[in-house]
Every structure is written in C-alpha cells, then in structure tokens.
Protein chains: 2
Amino acid sequence: MVDPDSSTPIYRQVAAILAEQIRTGALPAGRVVPSETRLQQEYGIARHTARKAIAVLRESGLVHTVMGKGTYAGPAPE
Amino acid sequence: MVDPDSSTPIYRQVAAILAEQIRTGALPAGRVVPSETRLQQEYGIARHTARKAIAVLRESGLVHTVMGKGTYAGPAPE
DNA sequence: TCTCATTTGTTCGTATGTATC
DNA sequence: AGATACATACGAACAAATGAG
C-alpha cells in the first residue's frame, strides 16, 4: 500500500493509488472518493496527509470536491 | 514586498510589513491577521517562515493567537 | 425547525529531515 | 556551530455545509 520509508512522499503515493483506481475504472466518474477520514483509517495516515493527496488529484482535474458532501471522481460539472 | 536577497531574514521582513499595517490601522485591533497559509501564498514563502513572522509579532504583543481559529491584531483579552 | 452525524474547510501546534549560508 | 528556510507529516480544535431524522 503505502511505504513511509519511500523517497516519494506519502501523500503522493496515496494520490497515485487513487489516480490508478480512477484510470482503471475501479473508481468511475461521479463515484464518491473515500473521505479524508476514510483514507486516514485505511492508510494509517494523518488527515492532513489525506487532504494533500486529494489536493493533488484536484489540481490534476481527476476529482472535484463539494464542501460538506465529499469528493467525486471526474471533473466538476458546470 | 519581500526581498530574499536581503540581509534581513524573510520572516523579519514579513513581520515588519504586518507590524506596519497594525501601526497604521490598516489592520485594526481584533481583525484577523492573514493566516499562515495566506501569508505562504501571498509572499511565496514556506509555512515555517510565515509562522516565524507571526511568532515575532506575538512576542512583541502586537497580536494574539487563538488555537484552531486564527491570529488577531492587538493583545490577548483576559 | 431543530438536532445530530458526516464531511470538507481553515487554522494553529509540533516534530523531523534536508539544505544553505 | 548556528540561523535561516523549505518540505513533509502527525495532532488538535473549531467552523461551515450537507443530509437524515
């Protein structure tokens, strides 16, 4: 899963995992991406780190986030 | 704004800018001082550096900080 | 309308590692 | 050796939006 001793930062590793799931269709567009708390538990990381991972995906346009609801796979609808 | 090549440290330069804004009233007492993240973006500095700038102001009694909320101009209320 | 849980947003506190001057 | 600066990471607290009931 995630290697804390890797030279690549944890948040980038998590981002890569999620990006792969989106790419393969395991996480189809419109589907909810695991919440920050969920990622926290799943990978044993801090919420801060989970947020950074999602921020990377958002900046890549792979996901979009709705405050109070969650983060969804795919770009934001107009 | 900020000169990285100056002999005076960046965090002191930022602290001086904010202190000036408080002195002139551009940043009235009670008003929220730009957050660490805000300063980070605004001046293109690291969070650590932004924190040091605010720490300087706090030690000078020019601002007070409330954990989880923010930093405010003026001394801490009892 | 009100309350509660969930989730994201924002902010400060702290620590470690690296690099530069 | 020390000060400065950046990146990463974990913790903690509070705010705001959302939806269920």
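Every chain is numbered from 1 and lettered A, B, ... according to where its sequence line falls, protein lines coming before strand lines.
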Donor-acceptor contacts under 3.5 Å from residues 49-58 of chain B side chains, at least two apart:
residue: B:R51; atom: NH1; partner: B:E36; partner atom: OE2; Å: 2.6
residue: B:R58; atom: NH1; partner: B:T65; partner atom: OG1; Å: 2.6

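For the pair A:D5 CG and C:dG17 P, the computed distance is 12 Å after rounding to whole Å.
Applying the side-chain hydrogen bond (donor to acceptor under 3.5 Å, both in side chains) test to residues at least two apart or on different chains, the pairs with a partner in residues 22-35 of chain B are B:E20-B:R23. Residue pairs that meet the ring pair (Phe, Tyr, Trp, His ring centres under 6.0 Å) test with at least one member in residues 26-58 of chain A, sequence neighbours left out, do not exist here. Note on residues 49-78 of chain A: pairs passing ring pair (Phe, Tyr, Trp, His ring centres under 6.0 Å), not counting sequence neighbours, are A:H64-A:Y72. Judged as a ring pair (Phe, Tyr, Trp, His ring centres under 6.0 Å), not a single pair has a partner in residues 6-38 of chain B (not counting sequence neighbours).
Between A:Q13 and B:I45, the one whose closest nucleotide on DNA chain D sits nearer the 5' end is B:I45. Place A:A46 and B:A50 on DNA chain D by their nearest nucleotides, and B:A50 ends up nearer the 5' end.
You can see that DNA chain D meets the heavy atoms of chain A within a 4.0 Å-exclusive cut from D:dT8 to D:dG19, reading 5' to 3'.
Judged as a side-chain contact (heavy atoms from CB on, under 4.5 Å), and not counting sequence neighbours, the contacts of A:Q41 are A:T37, A:R38. With sequence neighbours excluded, the residues that form a side-chain contact (heavy atoms from CB on, under 4.5 Å) with A:Q13 are A:V2, A:D3, A:S6, A:T8.
Taken to the nearest 0.5 Å, the OG atom of A:S60 stands 11.5 Å off from the CG atom of A:L18.
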Write out a two-atom table: protein N or O, nucleotide N or O from nucleotides 6-9 of chain C, distance below 3.5 Å.
residue: C:dT8; atom: OP2; partner: A:E36; partner atom: N; Å: 3.0
residue: C:dG9; atom: OP2; partner: A:R51; partner atom: NH1; Å: 3.3
residue: C:dG9; atom: N7; partner: A:R47; partner atom: NH2; Å: 2.6
residue: C:dG9; atom: O6; partner: A:R47; partner atom: NH1; Å: 2.9

